[in-house]
Amino acid sequence: MIISASRRTDIPAFYSDWFMSKVREGMVEVQNPFRADQIKTVSLRQEDVDIIVFWSKNPAPLVAYLKELDVRGFKYYFLFTINAYPGTIEPSVPPLMEVIDTFRGLSDRIGPGRVIWRFDPILITSITSEGYIADRFGEISDLLRGYTERVIISFAVIENYRKVLRSMKRLRETAKIDYFDITTDSAGKRRIAGELHRIADGCNMEIYDCAEEDDLSDLGVKAGSCIDQDLISKITGISLNLKKDGSQRGACGCVKSRDIGRYDTCRHGCVYCYATGCK
């Protein structure tokens, strides 16, 4: 079983103590996000868990517990998101150099193959133009050179998520920041993807897309998956044949996992987030 911790909230940043208490108990109760009265028990016993996939913008609070996870025999890797958007878009994410230091330290400890950089999502607004995106990606790529082997990109989906659409409209009204749904502009996506591939390649990083409907492989951007069967097999040393996660978007390549997070509990406050309405 693969544990996802978590698409729904930033467990490493805000709930590391809680997570470790559940590891010691050997189980966690997970509420169905669509049926609050449905609660399932998920095993966190080491013998039941093939790997833990951590999703975070700031996993620093969890680092102190990695030795315990290692001693208990858990395998894991990190999906570490760094966008470094302005504070009006990411109001409570730590400063860039703080998270860069955390990323580098984590990579030094567990290896660059187990710390995946997510530049996610790519959000085009009146203060984050295509040029801004390329410049920011280039800056972060240079700072992470040698500390990761791959970067995953995605484009912000706005119109399909009520929470995101509501937040973006509020941003327009209160901060006078307009937004553009880049998912409707294939040519624009290709321009951005091609430029980001050029930058990533120069920093010795493979670049993958996340749940992208358009084929960007001719630009050097591979169709990717965050919960990646090949990567998991490499880390665990076990050849796995896992099913695609049917609960995700059709273009998502992730294999099936058990997510133990809860929506509307992340405190980063990012305006593009589909997992929380707490803006």
Side-chain angles (χ1 to χ4, degrees), residues 4-16 52-63 76-107 110 112-125 128 132-133 136-144 147-157 161 163-164 167 182 192 196 199-200 203 205-212 221 224-228 231 248-249 252 254 257 259 261 263 265-276:
S4 172
S6 159
R7 282 185 173 93
R8 300 169 183 168
T9 190
D10 196 329
I11 288 175
F14 302 117
Y15 306 106
S16 288
I52 304 169
V53 181
F54 292 113
W55 310 65
S56 187
K57 283 180 164 61
N58 177 30
L62 187 64
V63 171
Y76 53 86
Y77 69 92
F78 284 80
L79 296 163
F80 195 142
T81 299
I82 306 179
N83 301 316
Y85 285 130
T88 47
I89 293 174
E90 293 181 338
S92 299
V93 176
L96 175 59
M97 288 313 302
E98 183 177 328
V99 292
I100 290 292
D101 286 345
T102 298
F103 194 112
R104 289 171 169 176
L106 188 58
S107 176
I110 68 175
R114 291 169 60 195
V115 191
I116 313 303
W117 172 31
R118 284 176 58 90
F119 189 73
D120 165 58
I122 295 167
L123 179 67
I124 304 299
T125 71
T128 58
Y132 175 96
I133 295 297
R136 212 56 166 157
F137 185 87
E139 178 185 8
I140 300 168
S141 295
D142 193 53
L143 291 168
L144 295 182
Y147 290 96
T148 189
E149 297 173 357
R150 69 169 74 181
V151 55
I152 299 173
I153 63 171
S154 76
F155 296 92
V157 178
Y161 292 98
K163 289 179 180 179
V164 180
S167 295
I182 190 65
I192 294 169
L196 299 193
I199 295 168
C203 292
M205 297 178 193
E206 290 188 292
I207 185 168
Y208 296 80
D209 66 55
C210 170
E212 177 54 49
V221 179
S225 53
C226 299
I227 300 184
D228 185 281
L231 179 61
Q248 303 302 319
R249 287 183 285 168
C252 177
C254 288
S257 63
D259 198 294
Y263 288 119
T265 60
C266 183
R267 300 198 292 269
H268 286 309
C270 304
V271 298
Y272 50 73
C273 183
Y274 66 86
T276 176

Problem set entry | Intermediate values then yes/no, side chain to side chain contact (heavy atoms under 4.5 Å, CB included), Ile110 and Phe78 | CA-CA 10 Å; Ile110 68 175; Phe78 284 80; 3.8 Å; yes
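- Taking both residues in full, the closest heavy atoms of Ser16 and Pro61 are given as OG-C, 3.6 Å, listed atom of the first, atom of the second, then distance.
- The nearest pair of heavy atoms linking Cys270 to Lys57 is SG-CE, 3.5 Å.
- Within the 4.5 Å cutoff, the side chain of Asp120 has no heavy atoms near those of the Ile153 side chain.
- Without hydrogens or angle criteria, Arg136 side chain to Ala84 main chain gives a donor-acceptor distance under 3.5 Å.
- Met205 is not listed as a side-chain neighbour of Ile199, based on a closest heavy-atom distance of 4.5 Å or more.
- A heavy-atom distance below 4.5 Å is found between the side chains of Ile192 and Ile122.
- For residues 6-15, the salt bridge (Lys or Arg N to Asp or Glu O under 4.0 Å) pairs, not counting sequence neighbours, are Arg8-Asp259.
- Under the 4.5 Å side-chain criterion, counting only non-hydrogen atoms from C-beta, Tyr208 is not in contact with Val151.
- Cation-pi geometry between Lys163 and Tyr263 is met: under 6.0 angstrom from the ring centre, within 45 degrees of the axis.
- At a threshold of 4.5 Å between non-hydrogen side-chain atoms, the residues Leu231 and Ile116 count as touching.
- The structure places OG of Ser141 at 14.5 Å from OH of Tyr147, a figure rounded to the nearest 0.5 Å.
- In terms of heavy atoms, Pro12 sits closest to Pro59 at CB-CA, 3.8 Å.
- Taking the ring-ring contact (aromatic ring centres under 6.0 Å, His included) definition, one finds that Phe14 meets it with His268, sequence neighbours left out.
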For this session: Please step through side chain to side chain donor-acceptor pair (under 3.5 Å) for the pair Ser6 and Trp55, ending with a clear verdict.
Result: CA-CA 5 Å; Ser6 159; Trp55 310 65; over 6 Å; no
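- The structure places CG of Leu144 at 10.5 Å from CD of Glu139, a figure rounded to the nearest 0.5 Å.
- Between Tyr15 and Thr9, some side-chain heavy-atom pair lies under the 4.5 Å cut-off.
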With a 3.5 Å cut-off and sequence neighbours excluded, list the donor-acceptor pairs that the side chains of residues 94-106 form with protein atoms.
residue, atom, partner, partner atom, Å
Thr102, OG1, Glu98, O, 3.2
Arg104, NE, Leu143, O, 3.1
Arg104, NH2, Leu143, O, 3.0

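- We find the CD1-OG distance between Ile227 and Ser4 to be 4.0 Å, quoted to the nearest 0.5 Å.
- Between the Ser225 side chain and the Cys254 main chain, no donor and acceptor come within less than 3.5 Å of each other.
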For this session: For Ile133 and Ile124, run side chain to side chain contact (heavy atoms under 4.5 Å, CB included): C-alpha distance rounded to whole Å, both residues' side-chain angles, the deciding distance at 0.1 Å, then the answer.
Result: CA-CA 8 Å; Ile133 295 297; Ile124 304 299; 3.8 Å; yes
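- In this structure, Ile152 and Cys226 have side chains that are in contact, with non-hydrogen atoms separated by less than 4.5 Å.
- Atoms SG and CZ, on Cys210 and Phe119 in that order, are 14.0 Å from each other to the nearest 0.5 Å.
- Put simply, the side chain of Ser56 never gets that close to the backbone of Phe80: no donor and acceptor are under 3.5 Å apart.
- Listed by chain and number, the residues in a side-chain hydrogen bond (donor to acceptor under 3.5 Å, both in side chains) with Thr128 are Thr125 (sequence neighbours excluded).
- Atoms CG and SG, on Asp142 and Cys203 in that order, are 5.5 Å from each other to the nearest 0.5 Å.
- Under the rule for a ring-ring contact (aromatic ring centres under 6.0 Å, His included), Tyr132 has no partner lying at least two apart in sequence or in another chain.
- Within the model, atoms CD1 of Ile11 and SG of Cys266 stand 10.5 Å from one another, a figure rounded to the nearest 0.5 Å.
- By the 4.5 Å heavy-atom criterion applied to side chains, Asn83 and Thr81 are counted as neighbours.
- Pairing each heavy atom of Ile82 with each of Trp117, the nearest pair is O-NE1, 3.0 Å.
- Cation-pi geometry between Arg150 and Tyr77 is not satisfied (NZ or CZ under 6.0 Å from the ring centre, within 45° of the ring normal).
- The salt bridge (Lys or Arg N to Asp or Glu O under 4.0 Å) check on Arg114 picks up nothing, with sequence neighbours excluded.
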